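Computed over heavy atoms, backbone and side chain alike; hydrogens, waters and symmetry mates excluded. Quick note: residue numbers are just sequence positions, from 1. Order of appearance sets the numbers: ligands from 1, and atoms from 1 within every ligand. From a predicted model like this one, the values you see are computed outputs, not experimental measurements.
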Amino acid sequence: MTTLTLWHNARLATLDGDGWGLIDDGALLVEGDRLAWVGPRTALPPALVPPGTLRQDLQGALVTPGLIDAHTHLVYGGQRAREFELRLQGASYEEIARAGGGIRSTVAATRAADDATLRASALRRARCLRAEGVTTLEIKSGYGLRLEDERRCLAIARQIGEALGLQVRTTYLGAHALPPEFDGRSDAYIDAVCAWMPTLQAEGLVDAVDAFCENIGFTPAQTRRVFETARRLGLPVKLHAEQLSDQGGAALAAGFQALSCDHLEHLSEDGIRAMRAAGTVAVLLPGAYYFLRETRLPPIAGLRAHGVPIAVASDHNPGSSPGLSLLLMLSMACTLFRLTPLEAVQGVTVHAARALGLPDRGRLAAGLRADFAVWELAHPHELAYWFGHNPCLRVVAGGKECC
Ligand code: DI6
Ligand code: FE
């Protein structure tokens, strides 16, 4: 028999529809891992709540859908604080990468780390996200860059979800940087990335495929080859696009019906139109914008004007966004990118779900997953207002309290 629990005396922000979807004196009926009923307590049909139903009194607290971090690089070895110092002294992210630092230095540290070390550090990071209401997160590979290490990182990403009661979507980002053993042979490396893809997929480790299409990453032609392999295997794609320059990556990805294009500071009008036509989500990463001290803003007005759904994610990684607070990303999305608090919160719920191709979450509605967070807040716009403290009281993922 599945457990039935009535969570009541809550202020719900369902995010179901165009606005906050506020319901005062709301109730959520949870059956197993699903929401069986959502609405004002007074409208709850008594027949749905048989004797023996468990009850949880939320004492007027705010409830939102569980937050979704749709872009992280959570599994890696080492850290890059020294590189941060160099950048503060004037070196650019690109210069450091071209000099062999950057992503490559994390690749060396990741390859050198044993599984237990990688797992322990990734678990610590995922716990920080969960403590702020995150119930689903995406984790990319991309710091192994050879079959056995990409496999290790993806497998550890999966284990994090199981250990913490979270849902983890894994993304294969073999085309993140050129590993040193392929110096001067980037096309041969792309051949290898494509050759490893079916192996990793067959092992159940890949939900989607990503690439870094950039002047310090891979060319559009190389990215296309990765995407063509993904398409043959039936895997959805997404792209690190237009972060440091306009490579036309977003339009390329949209041609493959990409789930999302991420970063987008240099996105063109054509790129926006292509994303709109393909239904591709724009994932904004204010943490990277902030930490790299970028000055060029993503084209928010254009995205809005064309109705491209906007998500917001942490991009947690050791080089360009070492933060572990999705709530801080909400604050930055508003202060730096001028999103409204509603847009920012939609960006970590309903639109983030879409960026991961997961229509069964990101809102509070009957039939969806019972993923929600309970907050010591009066109104959901406060999620984007406070920063530097955590008002999250409880986290429920798949009907189970996990934090
Ligand atoms: N863009 C990013 O923001 C991360 N990867 C990428 O392609 C940064 C990765 C790093 O610097 O380690
Ligand atoms: Fe990233």
Q.
I'd like to know if Asp24 pairs up with Arg11 as an ion pair, taking the criterion as any Lys NZ or Arg NE/NH1/NH2 lying under 4.0 Å from an Asp or Glu carboxylate oxygen.
A. yes
Q | Atoms of ligand 1 close to Asn317 [distance to a heavy atom under 4.0 angstrom, numbered from 1] | A | 3 (O), 4 (C), 8 (C), 9 (C), 10 (C), 11 (O), 12 (O)
Q: For the atoms NE2 of His71 and NE2 of His73, give the angle they form at the Fe ion (ligand 2), rounded to 10 degrees.
A: 100°
Q: Please confirm whether Glu214 comes under 4.0 Å of ligand 1, counting heavy atoms of the residue only.
A: no
(Q) Regarding ligand 1, does Thr106 bring an N or O atom to under 3.5 Å of one of the ligand's N or O atoms? (A) no
**Q.** Reported NE2-to-CD distance for the pair His266 and Glu214, which is rounded to 0.5 angstrom
**A.** 7.5 Å
Q: Evaluate the side-chain contact (heavy atoms from CB on, under 4.5 Å) criterion for residues Phe227 and Thr223: first the C-alpha distance (whole Å), next the side-chain angles of each, then the deciding distance (0.1 Å), finally the verdict.
A: CA-CA 6 Å; Phe227 284 179; Thr223 302; 3.9 Å; yes
(Q) Out of all atoms in ligand 1, which are within 4.0 Å of some heavy atom of Tyr93? Include the element for each. (A) 8 (C), 9 (C), 10 (C), 11 (O)
Q) Is the distance between the Fe ion (ligand 2) and the nearest N/O/S atom of Asp315 smaller than 2.8 Å? A) yes
(Q) Which residue and atom name correspond to the protein heavy atom nearest atom 9 (C) of ligand 1, and how close is it? (A) Tyr143 OH, 3.2 Å
Q. In the protein, which heavy atom is nearest to atom 1 (N) of ligand 1, and how far is it?
A. Gln243 OE1, 3.1 Å
Q. Salt-bridged, Glu148 to Arg146, with N to O below 4.0 Å?
A. yes
Q: Look at His263 and state whether any of its N, O or S atoms is less than 2.8 Å from the Fe ion (ligand 2).
A: no
Q. Looking at atom 5 (N) of ligand 1, what's its closest protein heavy atom, distance included?
A. His176 NE2, 2.8 Å
(Q) Quick check on contacts: which atoms of ligand 1 are under 4.0 angstrom from a heavy atom of Asp315? (A) 2 (C), 3 (O)
Q. Which of the N/O/S atoms in His240 sits closest to the Fe ion (ligand 2)?
A. NE2
Q.
Applying ring pair (Phe, Tyr, Trp, His ring centres under 6.0 Å), can you list everything that pairs with His316, at least two apart in sequence or on another chain?
A. Tyr76
(Q) I'd like the name of whichever of Ala177, Ala288, Ser320 reaches closest to atom 2 (C) of ligand 1 through any heavy atom. (A) Ser320
Q.
Taking Glu228 first and then Arg232, would you say they form a salt bridge - that is, a charged N and a carboxylate O separated by under 4.0 Å?
A. no
Q) Is a salt bridge present between Arg152 and Asp114, judged by a nitrogen-to-oxygen distance below 4.0 Å? A) no
Q.
Does the plane of the ring in Trp386 sit parallel, tilted or perpendicular to the ring in His389? Use 30° and 60° as the thresholds.
A. perpendicular
Q. When you measure from the side chain of Asp371 to the backbone N and O of Gly398, does any donor-acceptor pair fall under 3.5 Å?
A. yes
